J.: 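Could you have a look at this structure, given as structure tokens, before my questions?
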Amino acid sequence: MKSLPFAALVVLGLALAPAAQAKLSKAESAMAKTVAAEQDRNLALLEKLVNQNSGSLNLEGVEKVGAMMRTELEPLGFKVEWKPMRDTGRAGHLIATHSGKPDAKRLLLIAHLDTVFEPDSPFQKFVRKGDMGEGPGAGDDKGGMVVIVAALRAMQAAGTLQGANIEIHMTGDEEDSGSPIEKARADLIAAGKRSDVALDFEGLVRDGGADMGSVARRSSDSWTVTATGKSAHSSGIFSAAAGDGAIYELTRIIHRFRTELPEPNLTFNVGLIAGGQQADLDAGGIRATVTGKTNIIAPVAVARGDLRALSPEQIARVKAKMAAIVAEHAPGTDAKIAFDPGGYPSMAPTDGNRALLAKLNGVNRDLGLAEMAPLDPLKRGAGDISFVAADADGLAGLGPYSTGDHAPGEAVDIPSIARQATRAAILMSRLSGEKR
């Protein structure tokens, strides 16, 4: 077993790991060397991707980023397909496949082409600031796409890509999914069913300065509670004839949510609330128009919020509790709850996912890096890998570390690109050597 060259360790940011402690094969050492040698190339690709706006609603921009990735993947032997999704209101997805040994494990790599920054955002360009690269989507998720390319190029150079079965899905609407979501994610779900392992290249999470392993992601659902009451003069509030009114009924329900629903790994938020003589939501459910007077009992009140849970069982249990609370009404009122279609499912922390993290920690040990503990799922949002979690073992967070995601000033930690690409290249090579 050969050790990783010290120069490569320095470039990769694998500080405090003496080269003598690294235990890599010849091919794995070659992968690490390739990633280090191509650092400038990887940064140039990142800058090119970041400087092309690809907000979820900028359909042409998303397509252009997809074309850039096609240019990177086809020379590596991938068959690349663009799957249009204009009928869902979004650009589409890039799907790339590489066929290797028939009996080798099948890997699914997941990333996304779009960002939250639309063309009217003032935050548009990549700027290098020391070890940080600032720009829209620099971390989420253009940095993740660069890690994929860097890892695959290292595998090709070392000869481990040839026998690998890899399918890549780069969605064009992760930040703002198309509708219906069943159609928008149909190809990804189908890919999960034919894969053994799913690797998500969204950002690495650090906790207390330590790189963490993500074996779970929580779901993301939205709900709406609409309460109704009798419109009457305020002097009659709480009487048998007038009842409690819609606003009291809605606040009663929300208070019961707050006091009766809490349990581990669950969060639920009220993001919008409106009530009065009239309360109307816009089509997107993000704005409300309200009218009312202090001396009129409100006949309508509405609240919208989200729900995030760790497993399908938890989601079903909490939704049932919410429905039961809403079904019990104060005098003279009624209420109903509706859950939006198209939520993101959860990625539960399964034994298979934990086993994958153990394999990644084997890579860390051989690189002389600290092992990665499982990340608390409360510290990670929802993501596309959850759509395949029921069918394939998975790991999230294989992209680079970044700060300020989704806001002007988002910046990627440049040394983490090489570190994550090296981890991914070695992990994928080892997994590809396993039989199904």
Side-chain angles (χ1 to χ4, degrees), residues 55-56 90 110-117 136-145 147 169-178 181 184-185 188 192 198-208 211-223 262-272 285-286 304-312 314-315 318 339-340 342-350 353 357 372-390 394-413 416 420:
S56 305
R90 299 295 181 267
I110 302 171
H112 61 90
L113 306 163
D114 64 321
T115 76
V116 301
F117 302 96
D140 185 18
D141 188 32
K142 292 177 178 180
M145 293 191 291
V147 168
H169 278 244
M170 295 182 175
T171 58
D173 61 346
E174 195 270 351
E175 300 292 5
D176 190 354
S177 58
I181 201 164
R185 291 296 176 271
L188 179 60
L199 302 176
D200 161 48
F201 284 81
E202 285 202 289
L204 170 73
V205 174
R206 288 178 179 160
D207 194 6
D211 291 356
M212 305 297 289
S214 295
V215 297
R217 299 189 75 152
R218 296 189 302 153
S219 64
S220 179
D221 286 287
S222 296
W223 52 265
E263 60 180 73
N265 298 313
L266 173 72
T267 57
F268 46 93
N269 177 59
V270 183
L272 181 151
I286 61 172
R304 279 184 53 74
D306 79 349
L307 168 70
R308 297 172 186 264
L310 191 55
S311 68
Q314 186 177 40
I315 295 168
V318 173
F339 295 94
D340 291 5
Y344 270 54
S346 62
M347 173 187 173
T350 64
N353 296 355
L357 179 57
M372 300 163 71
L375 177 71
D376 181 347
L378 289 173
K379 297 181 179 180
R380 165 135 249 157
D384 278 340
I385 191 173
S386 295
F387 286 98
V388 304
L395 273 181
L398 292 172
Y401 175 68
S402 59
T403 60
D405 291 5
H406 288 204
E410 176 179 333
V412 66
D413 175 71
S416 72
Q420 290 291 82

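Keep in mind the model is a prediction, meaning the values are calculated, not measured. This chain uses plain numbering: 1 for the first residue, then up along the sequence.
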J.: Quick check: does any side chain N or O of Asn353 sit under 3.5 Å from a backbone N or O of Ala348, one acting as donor and the other as acceptor?
T.: yes
J.: Counting C-beta onward and ignoring hydrogens, is there a side-chain heavy-atom pair between Ser416 and Arg206 closer than 4.5 Å?
T.: yes
J.: About how many Å separate OG of Ser56 and NE2 of His112, when rounded to the nearest 0.5 Å?
T.: 8.5 Å
J.: How many angstroms lie between atom CG of Asp405 and atom CD of Glu410, to the nearest 0.5 angstrom?
T.: 4.5 Å
J.: In the structure I gave you, are the side-chain heavy atoms of Asp413 and Ser402 within less than 4.5 Å of one another anywhere?
T.: no
J.: Looking at Leu310 and Pro377, what are the two nearest heavy atoms and their distance?
T.: CD1-CB, 3.7 Å
J.: Of all residues at least two apart in sequence or in a different chain, which pass the salt bridge (Lys or Arg N to Asp or Glu O under 4.0 Å) check with Asp376?
T.: none
J.: As an exercise, state the distance from CD1 of Ile110 to CG of Leu199, rounded to the nearest 0.5 Å.
T.: 8.0 Å
J.: Report the residue from Asp176, Asp173, Thr171 that forms a side-chain hydrogen bond (donor to acceptor under 3.5 Å, both in side chains) with Arg90.
T.: Asp176
J.: Go through the steps to decide whether Asp340 and Arg304 satisfy the test side-chain contact (heavy atoms from CB on, under 4.5 Å), and finish with yes or no.
T.: CA-CA 10 Å; Asp340 291 5; Arg304 279 184 53 74; 3.0 Å; yes
J.: With rounding to the nearest 0.5 angstrom, report the CG to CG distance, Asp141 to Leu113.
T.: 9.0 Å
J.: Has Asp114 got a side-chain atom pairing as donor or acceptor with Glu175's backbone, closer than 3.5 angstrom?
T.: yes
J.: So do Ser346 and Pro312 actually touch side chain to side chain, heavy atoms under 4.5 Å?
T.: yes
J.: Do Phe117 and Pro408 touch side chain to side chain, with heavy atoms closer than 4.5 Å?
T.: yes
J.: List the atom of Gly343, the atom of Asp221, and the distance in Å for their closest heavy-atom pair.
T.: CA-OD1, 3.8 Å
J.: Please determine which of Arg308, Arg185, Arg217 meets the side-chain hydrogen bond (donor to acceptor under 3.5 Å, both in side chains) test together with Tyr344.
T.: Arg185
J.: Hey, is the main chain of Phe339 close enough, under 3.5 Å, to the side chain of Trp223 for a donor-acceptor pair?
T.: no
J.: For the side chain of Asp306 and the backbone of Asn269, is there at least one donor-acceptor N/O pair under 3.5 Å apart?
T.: yes
J.: What's the separation between atom OG in Ser222 and atom CG in Leu307, rounded to the nearest 0.5 Å?
T.: 9.0 Å
J.: Just wondering, do Ile181 and Phe387 contact through their side chains at under 4.5 Å, heavy atoms?
T.: yes
J.: Apply the test side-chain contact (heavy atoms from CB on, under 4.5 Å) to residues Arg218 and Met347: give CA-CA distance (whole Å), side-chain angles for both, the deciding distance (0.1 Å), then the verdict.
T.: CA-CA 6 Å; Arg218 296 189 302 153; Met347 173 187 173; over 6 Å; no
J.: Could you check Leu398 against Leu204 for side-chain contact (heavy atoms from CB on, under 4.5 Å), going step by step and ending with a plain yes or no?
T.: CA-CA 6 Å; Leu398 292 172; Leu204 170 73; over 6 Å; no
J.: Could you go step by step and tell me if Thr267 and Leu378 meet the side-chain contact (heavy atoms from CB on, under 4.5 Å) rule?
T.: CA-CA 8 Å; Thr267 57; Leu378 289 173; 4.2 Å; yes
J.: So which heavy atom on Ala373 is nearest to which on Leu357, and how close?
T.: C-CD2, 4.3 Å
J.: Which heavy-atom pair separates Val215 from Pro374 by the least distance, and what is that distance?
T.: CG2-CB, 4.4 Å
J.: So Pro345 and Ser386, do their side chains get closer than 4.5 Å, heavy atoms only?
T.: yes
J.: Where is the tightest heavy-atom contact between Val388 and Ala198, given as atom of each residue plus distance?
T.: CG2-CB, 3.7 Å
J.: Who pairs with Ser214 by side-chain hydrogen bond (donor to acceptor under 3.5 Å, both in side chains), at least two apart in sequence or on another chain?
T.: Arg380
J.: To the nearest 0.5 Å, tell me how far Thr115 OG1 sits from Asp140 CG.
T.: 8.5 Å
J.: With heavy-atom distances below 4.5 Å as the criterion, would you say the side chains of Lys379 and Met212 are in contact?
T.: no
J.: Using a 3.5 Å distance criterion without hydrogens, assess whether the side chain of Gln420 forms a donor-acceptor pair with backbone atoms of Gly399.
T.: yes
J.: Could you tell me whether a side-chain N or O of Ser177 sits under 3.5 Å from a main-chain N or O of Glu174, the two making a donor and an acceptor?
T.: no
